[in-house]
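In what follows, every chain begins at residue 1, and chains take the letters A, B, ... in the order their sequences are listed. Please read all numbers here as calculations on a predicted model, not as lab measurements.
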Amino acid sequence: MKIGYPCVNEAMDCSAANTFRLASYSDERLITAVSANLACLRRMLEWNVSQGLLFFRMGSGIVPFGSHEINTFPWQTHFAAEFRAIGDYIKANDLRVSFHPDQFVVLNSPSPDIVRRSIQELVYQGSMQDLMGLDGTAKLQIHVGGLYGERELAISRFAQVHATLPEVVKARVVVENDDRLFSLRDCLHLHELTGVPILFDNFHHECLNHGEPMAEALRLAAGTWHPTADGVPMMDYSSQALGERKGKHTDDLVDDSFREFLTHLHGLDFDIMLEIKNKEASALRAVAILRERGLSAPAPNLPEPPLNLPPDPNAPAKAKRAPKKVVS
DNA sequence: GTGTGTCAAGCAGAG
DNA sequence: CTCTGCTTGACACAC
């Protein structure tokens with residue numbers, strides 16, 4: 001069981017999401033942004049390893065405009081060594097990684113053009129995994145898509161498009177149950193049609209379900225993952241922010257809710273992505289909770305104090321990101 | 001330096 | 001019709 005957090009480390013002074021405007025696109029800017037993003041990605045992974053956080057979701061913006069036609073720069077070959085080095089680090093430290101292409105990826109859209117661009121985006125993100133030398137246990141996590149007023153048609157259209165995906169993408173795509181449109185039951189139906197594994201989201205299941213108890217839902221979702229080809233089932237974990245709109249995530253891990261959730265696993269193994277606003281801070285607490293229950297490896301010997309944590313009390317008040325280089 | 005409108009992309013639902 | 005939320009804020013220009 002590994003614990004992870006998505007995309008951003010709030011304690012670090014770098015971002016792996018450097019970008020720029022489409023209107024100001026140039027190869028030079030692309031090279032600058034990708035270089036910075038890969039360097040930061042590497043540092044985040046190293047920090048994660050030092051903290052026992054062995055699961056991580058990479059952001060969609062590592063290569064700005066990675067699937068846009070404007071981007072004709074051969075970044076795959078230009079940055080091959082950097083990607084490979086990150087992949088080697090991932091494998092050497094037994095890390096698990098995933099990607100979550102954004103809401104614009106809609107494989108079941110009635111619009112052929114939207115489907116085409118969606119596949120392009122999956123190819124872009126999957127090609128990063130290829131460049132890192134990662135196998136099919138690294139995943140691309142997406143939603144079923146739109147409802148368009150006809151649930152069965154929407155699901156079957158996903159299945160048809162799924163069958164046409166390039167093999168390297170198809171081996172990595174997993175589908176997440178969502179909180180408003182497509183429930184776990186819909187995803188199980190889609191799994192029967194396509195074999196696509198289901199990435200279970202406990203909070204979405206709480207928002208939208210057909211009465212399946214949490215333990216049963218976990219068992220059903222886990223059963224859609226092939227033990228070797230897909231690896232340990234992944235899941236997203238969150239809980240309801242009290243007093244907020246239904247579906248709103250908490251800002252901070254609610255320890256007792258997480259402990260209660262763990263009781264439903266009944267020995268099932270999952271790699272758990274914490275979708276919680278304060279990111280790595282909650283992930284660290286989740287790791288501690290797993291350790292207190294013997295569900296996770298003991299703390300590694302920390303070779304060095306955590307980078308940038310805790311914040312230097314002598315530092316000037318608030319400076320989450322290191323200030324950009326001053327060119328006075 | 002700070003404030004802020006806007007940024008490649010889809011869809012559903014609230015108001 | 002407009003606005004919001006969704007896995008993640010950051011760019012770029014006005015002042």
Side-chain angles (χ1 to χ4, degrees), chain A residues 4-10 12 14-26 29-30 32-33 36-37 40-41 44 55-71 97-122 124-125 139-151 154 157-158 174-182 199 201 203-204 207-208 234-238 241 244-249 272-280 282-283 316 318-321 323-328:
Chain A
Y5 61 95
C7 308
V8 173
N9 183 313
E10 296 189 322
M12 291 187 66
C14 70
S15 162
N18 289 282
T19 186
F20 50 88
R21 293 287 174 259
L22 178 60
S24 56
Y25 181 91
S26 71
R29 294 201 67 159
L30 184 79
T32 302
N37 290 341
C40 184
L41 183 58
M44 285 196 284
F55 189 21
F56 188 66
R57 179 186 296 165
M58 297 191 181
S60 300
I62 293 170
V63 180
F65 309 103
S67 67
H68 193 284
E69 60 188 14
I70 198 174
N71 184 349
V97 300
S98 66
F99 289 72
H100 194 339
D102 55 39
Q103 64 271 32
F104 309 109
V105 170
V106 183
L107 290 185
N108 74 347
S109 172
S111 157
D113 202 49
I114 291 170
V115 173
R116 183 184 59 78
R117 293 203 308 271
S118 296
I119 294 173
Q120 285 290 102
E121 179 71 13
L122 291 174
Y124 147 56
Q125 299 205 21
K139 292 302 188 187
L140 298 167
Q141 165 185 358
I142 59 175
H143 293 278
V144 179
L147 194 55
Y148 310 103
E150 292 185 84
R151 181 175 307 274
R157 205 163 45 232
F158 184 107
V174 298
V175 172
E176 175 188 356
N177 58 304
D178 68 68
D179 58 345
R180 295 182 306 147
L181 305 178
F182 294 100
L199 191 151
D201 185 311
F203 185 33
H204 291 168
C207 295
L208 178 66
M234 295 177 178
M235 66 164 289
D236 287 348
Y237 175 84
S238 185
E244 295 280 356
R245 166 186 66 78
K246 181 183 176 186
K248 168 82 171 168
H249 297 189
I272 302 179
M273 181 64 58
L274 295 184
E275 290 195 331
I276 295 178
K277 196 173 184 65
N278 67 356
K279 307 283 182 186
E280 78 285 352
S282 283
K318 112 116 197 114
K320 187 177 119 186
R321 302 276 181 237
K324 298 270 183 194
K325 216 167 199 119
V326 184
V327 205
S328 56

Check your understanding: Can you tell which of dC11(C), dT8(C), dT7(C) lies closest to the side chain of Gln103(A)?
Key -> dT7(C)
Point to revise | Listed nucleotide nearest any side-chain atom of Glu275(A), set dT7(C), dA8(B), dC11(B) | key: dT7(C)
Exercise for review: Can you tell me which stems DNA chain B forms, taking runs of 3 or more consecutive Watson-Crick or G-U pairs with both distances under 3.5 Å?
Suggested key: B:1-7 with C:9-15, B:10-15 with C:1-6
Review point. Touch check for Arg180(A), heavy atoms < 4.0 angstrom, all strands: base, sugar-phosphate only, or nothing?
Key: base
Check your understanding: Within the structure shown, what part of the strands sits under 4.0 Å from Gly59(A) by heavy-atom distance: base, sugar-phosphate, or nothing?
Key -> nothing
Review point. Among dA8(B), dG13(B), dA12(C), which is the nearest nucleotide to the side chain of Leu181(A)?
Key: dG13(B)
Exercise for review: Compute the centroid of each ring, for Phe56(A) and then for Tyr5(A), and state whether the two points are separated by less than 6.0 Å.
Suggested key: yes
Review point. To the side chain of Asn18(A), which of dA8(B), dG5(C), dC11(C) is closest?
Key: dC11(C)
Check your understanding: What nucleic acid atoms does Ser109(A) come within less than 4.0 Å of, heavy atoms only: base, sugar-phosphate, or nothing?
Key -> sugar-phosphate
Check your understanding: Any idea which of dA12(C), dA8(B), dT8(C) is nearest the Lys279(A) side chain?
Key -> dT8(C)
Practice item. Check every atom of dA9(B), dC11(C), dC11(B) against the side chain of Ile114(A) and return the nucleotide holding the closest atom. Key: dC11(B)
**Study point:** Below 4.0 Å: OP1/OP2 of dA12(C) and any side-chain N or O of Arg29(A)
**Key:** yes
**Study point:** His249(A) side chain near dG5(C) phosphate (N/O to OP1/OP2, under 4.0 Å)
**Key:** no
Practice item. Please work out whether the ring planes of Phe20(A) and Tyr25(A) are parallel, tilted or perpendicular, with thresholds of 30° and 60°. Key: tilted
Exercise for review: Would you mind classifying the nucleic acid contact of Ser24(A) as base, sugar-phosphate or nothing, using non-hydrogen atoms under 4.0 angstrom?
Suggested key: sugar-phosphate
Check your understanding: Which nucleotide in the set dA12(C), dG9(C), dA9(B) lies at the smallest distance from any side-chain heavy atom of Glu121(A)?
Key -> dA9(B)
Check your understanding: Choosing from dC11(B), dT6(B), dT8(C), which nucleotide comes nearest the side chain of Arg21(A)?
Key -> dT6(B)
